[in-house]
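One structure is given below, encoded as structure tokens.
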Amino acid sequence: MNLTNKTSKLTNFKISPKPSSTISPSPPPPPPPDPATIANLILKGDNPESLTQALHSLPEWTPHLVQTILKRLWNHGPKALQFFNLLETHPSYRHSAASFDHAIDIAARLRDYKTTWTLVCKMRSSKLGPTPKTFAIITERYVSAGKADKALKIFLSMHEHGCQQDLNSFNAFLDVLCKSKRAEMAYKLFKIFRGRFKADVISYNIIANGFCLKKQTPRALEVMREMIERGLEPTLTTYNILLKGYFRAGQIKEGWEFFLQMKKRKIEIDVVSYTTVVHGFGVAGEVEKSRKVFDEMVGAGVLPSVATYNALIQVLCKKDCVENALVVFDEMLRRGYVPNATTYNVVIRGLCHAGKMDMAIEFMDKMKDDCEPTIQTFNVVIRYYCDDGEIEKALEVLEKMNGGTCLPNLDTYNILIGAMFVRKKSDDLLIAGKLLIEMVDRGFLPRKFTFNRVLNGLMLTGNQGFAQEILRLQSKCGSLPRQFRL
DNA sequence: GCGCCTACGC
């Protein structure tokens, strides 16, 4: 047995089998394994054999623990899949359907379709699926990779994988198309298949929302009329979709009139409607109207949600000043609301934008009492440090990420690499090269522009050798699976 | 299964 450093590290964290020197007759059970520790072990473990051994020797694997670790490794696709594969040979643990879905999502995001379908086959032979959820994930990834036709074929062949299509999966597929701005294609398919799947209000809502996302409110209205003609009653969701559509398309007046019409027709306006209007007015620069609607809703017997507060706080940050936003933030706390990650991210962005970096960092620490910082939190702070020329501080934040909760994503790398050119320092270019290698290693594909920029920089600063290395990496990337934004 | 809040189109 070859016990490496990595395995003894496990002992330090007390997640290996109990020590033999127990005094009490019934020793307390070992503490549950800490997901962060295990995730870091996987990230650092470059020796697959010792890693396998370490993971297999863990006392209790649960689907929940596996899920948590996969989530943590989300921005390191190759490592996440390695982890998933290593557990497949575990003597007793068996993957759950949810873990399979997660691994399939990661493989498809890496555009590693061979692995994706291998996992689907394994899922089937373990009698865990594939489920409609699995197909929603796969088709979404194909569509966002620009392969909508392939996604359609996959949807239509679901039954060959032992998964029957029904109205729910049809709606889910339409939604995938609409969310990636393919409302026209979704609408065509909808017309072809609505009889076969007995399209319902939700199908119509999805299509209407698809047109709204493309700022085509007249088309969305058409869809709504069509549903009425066919004897389906629009729901509050239908109206809220249209309402949002007007504001998103910049039709503020139309949006407000639509809202008044909803009131007039005695439609029970809910917190979503109000949040839409508060946000819509604010984004259009109508801060006073935004506030007025916010104040009105309580009188109308509709309580604001955290999302409503988030909308108002964001509006004040962007169109008024961060100080007034903080007043609302405090008011929210006084009324017993628990801010979520969006609340903090909005406030942190506002503080950064106002040049109050120290306060932003304070909020980032305070945030941990209520929720975990997200990738957006880190990216905002890194971006503003870079803009301020505080490259070292930005890199410190990156270090923190790699040692902790949230791994850097494509945006993080793009922001940082971009910042390595402002000081015209040779050392910065070396860091840019290192970051480029790291991001490729983690399954992100840099744009051609990024490669060329780093190459030029390295050549100009006399780092020909390193430039050669980057060049080799670039040619290797041509055949690598591609990954893009989340 | 759809709708509100971070982030949005170059």
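Predicted, not measured: the structure shown is a model, and the values here were computed from it. Lettering follows sequence order; numbering is per chain, from 1. Side-chain atoms are counted along with the backbone in the values below, which use heavy atoms only and exclude waters and symmetry mates.
With B:dG9, B:dC4, B:dC2 as the choices, the nucleotide that has an atom nearest any side-chain atom of A:Lys181 turns out to be B:dG9. The side chain of A:Lys215 lies closest to B:dG9, out of B:dG1, B:dC2, B:dG9.
Checked against A:Phe329 for a ring-ring contact (aromatic ring centres under 6.0 Å, His included), the options A:Tyr344, A:Tyr309, A:Tyr337 give a single hit: A:Tyr344.
Atom CG in A:Asp270 sits about 13 Å away from atom P in B:dG3, given to the nearest Å. For the pair A:Tyr204 OH and B:dC2 C1', the computed distance is 15 Å after rounding to whole Å. Distance, A:Arg349 CZ to B:dC8 C1': 10 Å, rounded to whole Å. The distance between atom CG of A:Asp175 and atom P of B:dG3, rounded to the nearest whole Å, is 6 Å. Taking atom CD of A:Glu268 as the reference point, atom P of B:dC4 lies 20 Å away to the nearest angstrom.
As judged by a 4.0 angstrom heavy-atom cut-off over every strand, A:Thr342 is placed among the base-contacting residues. Here A:Leu236 lies in heavy-atom contact (under 4.0 Å) with a base. Using a 4.0 Å heavy-atom distance criterion, A:Gln376 is classed as a base contact. Using a 4.0 Å heavy-atom cutoff across all strands shown, A:Asn209 reaches sugar-phosphate atoms only and no base atom. Backbone-only contact: A:Ile206 has heavy atoms under 4.0 Å from sugar-phosphate atoms and none from a base.
For the pair A:Leu213 and A:Val346, both in contact range of DNA chain B, the more 5′-proximal nearest nucleotide belongs to A:Val346. Each of A:Ile202 and A:Thr343 was matched to the nucleotide of DNA chain B holding its nearest heavy atom; the match closer to the 5' end belongs to A:Ile202.
Across every non-hydrogen atom of A:Ile207 and A:Cys178, the tightest pair is CA-SG, 4.2 Å.
Here A:Lys133 does not reach the OP1 or OP2 of B:dG1: none of its side-chain N or O atoms lies under 4.0 Å away.
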